[in-house]
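These notes concern the structure reproduced below.
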Protein chains: 2
Amino acid sequence: MTEKKTFSISELASEFDVTTRSIRFYEDQGLLKPTRRGQTRIFSTKDKVRLKLILRGKRMGFSLAETKETFDLWDETLTGNEKQLLKMLSILDEKRAHIEQQKADIAMAELEINTREAHCREALAELQKKKQQQESTIKQSGHTAEQS
Amino acid sequence: MTEKKTFSISELASEFDVTTRSIRFYEDQGLLKPTRRGQTRIFSTKDKVRLKLILRGKRMGFSLAETKETFDLWDETLTGNEKQLLKMLSILDEKRAHIEQQKADIAMAELEINTREAHCREALAELQKKKQQQESTIKQSGHTAEQS
DNA sequence: AAAGCGCTTTACGTTAACGTAAACTTCCTC
DNA sequence: GAGGAAGTTTACGTTAACGTAAAGCGCTTT
């Protein structure tokens, strides 16, 4: 009762900050399966969840085709044939490997960002020091100028 | 003395598992700046480091243009004008935000992978159980058949 | 009933990041 | 000195993931 059950295309578009074109494209590629009232698309909460997964997948470097493959496979495993279950497990392992790579990348990137930031701040401090020195020099020459 | 100082295009290509075409493309886009002996490209360790950064950037979802921008900016900040240093700091903040997003994405993805794996193993256990039951039924009927 | 809003389909255009092919040099080896 | 391996330039082709424009439908608001 607390959650809305269906969504229009523009509702999803604004909620996830994508264009309606993209959403239609995802449907076209078989990633979303909205029902219709007349011509108009009606999206379920399942579609909404999938859209979220699509976008996260993109951020993580998965293509739409890959994401579709996992969607399809997951649907199939619901009817649970043993071979499909085993394939699913191996795909999950691949994903895990991908994630481990990402974690390593992120850790390295974070290190670099930190050292770069340190360098930047150091350089800025240097500049400030020179500024200070200049200002005091100016004040001094200003003072002597007043006196002369 | 312990590290080689220059590299051919195919050395880099095989070390990082990319095509020479890609490497030439990266140079064309201004991301790598090998020197030349005659026509032939000679890559420095700096180029090698940059290639590694390019590839990691790709895995993390950065475009070549973005990566080039950070390269260029970082080169500029070495000559340390204050405005450039500040811009560098703001870009570092952006990168950090990107990384935080990735961390969140990864955490969610890991959770999902784990629950999915659990479901899979559960379903497999179910199948095994049914198999066991079937086998024992067969043995039993085999036994009775022998006896009849 | 005219105008506007939100949705639709159809279809051609665009960008990034290379792939691929052709034709050429340089150097080494047989 | 013929061939082969590794490099080069030039240039057209390809794929994914949409962007963009045109034309039309259904409803309601004025």
Side-chain angles (χ1 to χ4, degrees), chain A residues 4-44 47-48 50-72 98 101 105, chain B residues 4-44 47-48 50-72 94 98 101-102 105:
Chain A
K4 208 177 158 196
K5 289 260 161 189
T6 68
F7 312 89
S8 77
I9 192 169
S10 52
E11 279 173 341
L12 287 187
S14 73
E15 175 165 355
F16 291 105
D17 197 32
V18 296
T19 65
T20 58
R21 175 66 175 97
S22 296
I23 295 180
R24 292 196 190 97
F25 183 73
Y26 299 151
E27 180 191 6
D28 203 59
Q29 302 298 309
L31 291 151
L32 300 176
K33 322 214 171 182
T35 59
R36 303 279 178 136
R37 185 174 53 214
Q39 263 196 325
T40 306
R41 276 164 258 252
I42 300 180
F43 295 88
S44 66
D47 289 315
K48 190 176 159 181
R50 291 205 158 186
L51 181 50
K52 187 182 288 187
L53 290 176
I54 292 169
L55 299 176
R56 198 181 67 203
K58 288 195 62 181
R59 288 194 300 269
M60 294 184 62
F62 295 111
S63 70
L64 295 182
E66 283 172 309
T67 300
K68 174 181 160 57
E69 225 198 302
T70 28
F71 282 177
D72 291 351
H98 185 112
Q101 173 69 58
D105 287 340
Chain B
K4 209 177 157 199
K5 290 260 161 189
T6 69
F7 312 88
S8 77
I9 193 168
S10 53
E11 281 173 340
L12 287 187
S14 74
E15 174 163 356
F16 291 104
D17 197 32
V18 295
T19 65
T20 58
R21 175 66 174 96
S22 296
I23 295 181
R24 292 197 190 96
F25 183 73
Y26 299 151
E27 180 192 4
D28 203 58
Q29 303 298 309
L31 290 151
L32 300 175
K33 321 215 170 180
T35 59
R36 303 280 178 134
R37 186 175 51 216
Q39 264 195 325
T40 306
R41 277 164 257 251
I42 301 180
F43 295 88
S44 66
D47 289 315
K48 190 175 161 184
R50 291 207 158 184
L51 180 51
K52 186 182 289 186
L53 291 176
I54 291 168
L55 299 176
R56 198 181 67 203
K58 288 195 62 180
R59 289 194 301 270
M60 295 184 62
F62 295 111
S63 71
L64 295 182
E66 283 172 308
T67 300
K68 174 182 159 55
E69 225 197 302
T70 29
F71 283 178
D72 291 352
E94 282 176 32
H98 185 111
Q101 172 69 58
Q102 295 240 104
D105 286 341

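Numbered from 1 within each chain, the chains take letters A, B, ... in sequence-line order.
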Please report the distance, rounded to the nearest Å, between [atom1] in [X] and [atom2] in [N].
| X | N | atom1 | atom2 | answer |
| --- | --- | --- | --- | --- |
| Phe7(B) | dG7(D) | CZ | C1' | 18 Å |
| Glu66(B) | dT15(C) | CD | C1' | 14 Å |
| Leu12(B) | dG7(D) | CG | C1' | 14 Å |
| Ile9(B) | dA6(D) | CD1 | P | 13 Å |
| Ile42(B) | dG7(D) | CD1 | P | 12 Å |
| Leu31(A) | dA16(D) | CG | C1' | 13 Å |
| Arg36(A) | dT8(C) | CZ | P | 6 Å |
| Glu11(B) | dA5(D) | CD | P | 18 Å |

Exercise for review: Run the salt-bridge test on Arg41(A) and Glu27(A) with the 4.0 Å N-O cut-off and return the result as yes or no.
Suggested key: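 Glu27(A) and Arg41(A): salt-bridged.
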
Practice item. Answer yes or no: are there more than 12 heavy-atom neighbours, outside Arg37(A) itself, under 6.0 Å from its atom CZ? Key: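 Open.
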
Check your understanding: Does CD belonging to Glu69(A) count more than 12 external heavy atoms closer than 6.0 Å?
Key ->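 Counting other residues, nucleotides and ligands, CD of Glu69(A) stays at 12 neighbours or fewer.
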
Pairs: protein N or O with nucleotides 22-29 of chain C N or O, under 3.5 Å:
none

Short side-chain to backbone donor-acceptor contact, [X] and [Y], under 3.5 Å:
| X | Y | answer |
| --- | --- | --- |
| Gln29(A) | Tyr26(A) | no |
| Thr40(B) | Arg36(B) | no |
| His98(B) | Gly61(B) | no |

Check your understanding: Name the one of Arg59(A), Lys58(A), Arg56(A) that satisfies side-chain hydrogen bond (donor to acceptor under 3.5 Å, both in side chains) with Asp105(B)?
Key ->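 It is Arg59(A), the one option of Arg59(A), Lys58(A), Arg56(A) that forms the side-chain hydrogen bond (donor to acceptor under 3.5 Å, both in side chains) with Asp105(B).
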
Review point. Going by heavy atoms in the side chains, are Phe62(A) and Thr70(A) under 4.5 Å from each other?
Key: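 No, side chains not in contact.
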
Exercise for review: Determine the contact category for Arg41(B): base if any of its heavy atoms lies under 4.0 Å from a base atom, sugar-phosphate if only primed atoms, P, OP1 or OP2 are that close, otherwise nothing.
Suggested key: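 Answer is sugar-phosphate: Arg41(B) comes under 4.0 Å of backbone atoms only.
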
Study note, to complete from the structure: B/S/- along nucleotides 17-22 of chain D (protein heavy atoms under 4.0 Å) is BBBB--

Check your understanding: OP1 or OP2 of dC7(C) less than 4.0 angstrom from a side-chain nitrogen or oxygen of Ser10(A), does that happen here?
Key ->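 Affirmative; the distance criterion is met.
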
Check your understanding: When you check the phosphate oxygens OP1 and OP2 of dC7(C), does a side-chain N or O of Ser8(A) lie under 4.0 Å from one of them?
Key ->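 So the side chain of Ser8(A) is within the cut-off, an N or O lying under 4.0 Å from OP1 or OP2 of dC7(C).
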
Exercise for review: Would you please say whether a donor-acceptor pair under 3.5 Å links the side chains of Ser22(A) and Thr19(A)?
Suggested key: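 Yes, side-chain donor-acceptor contact under 3.5 Å.
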
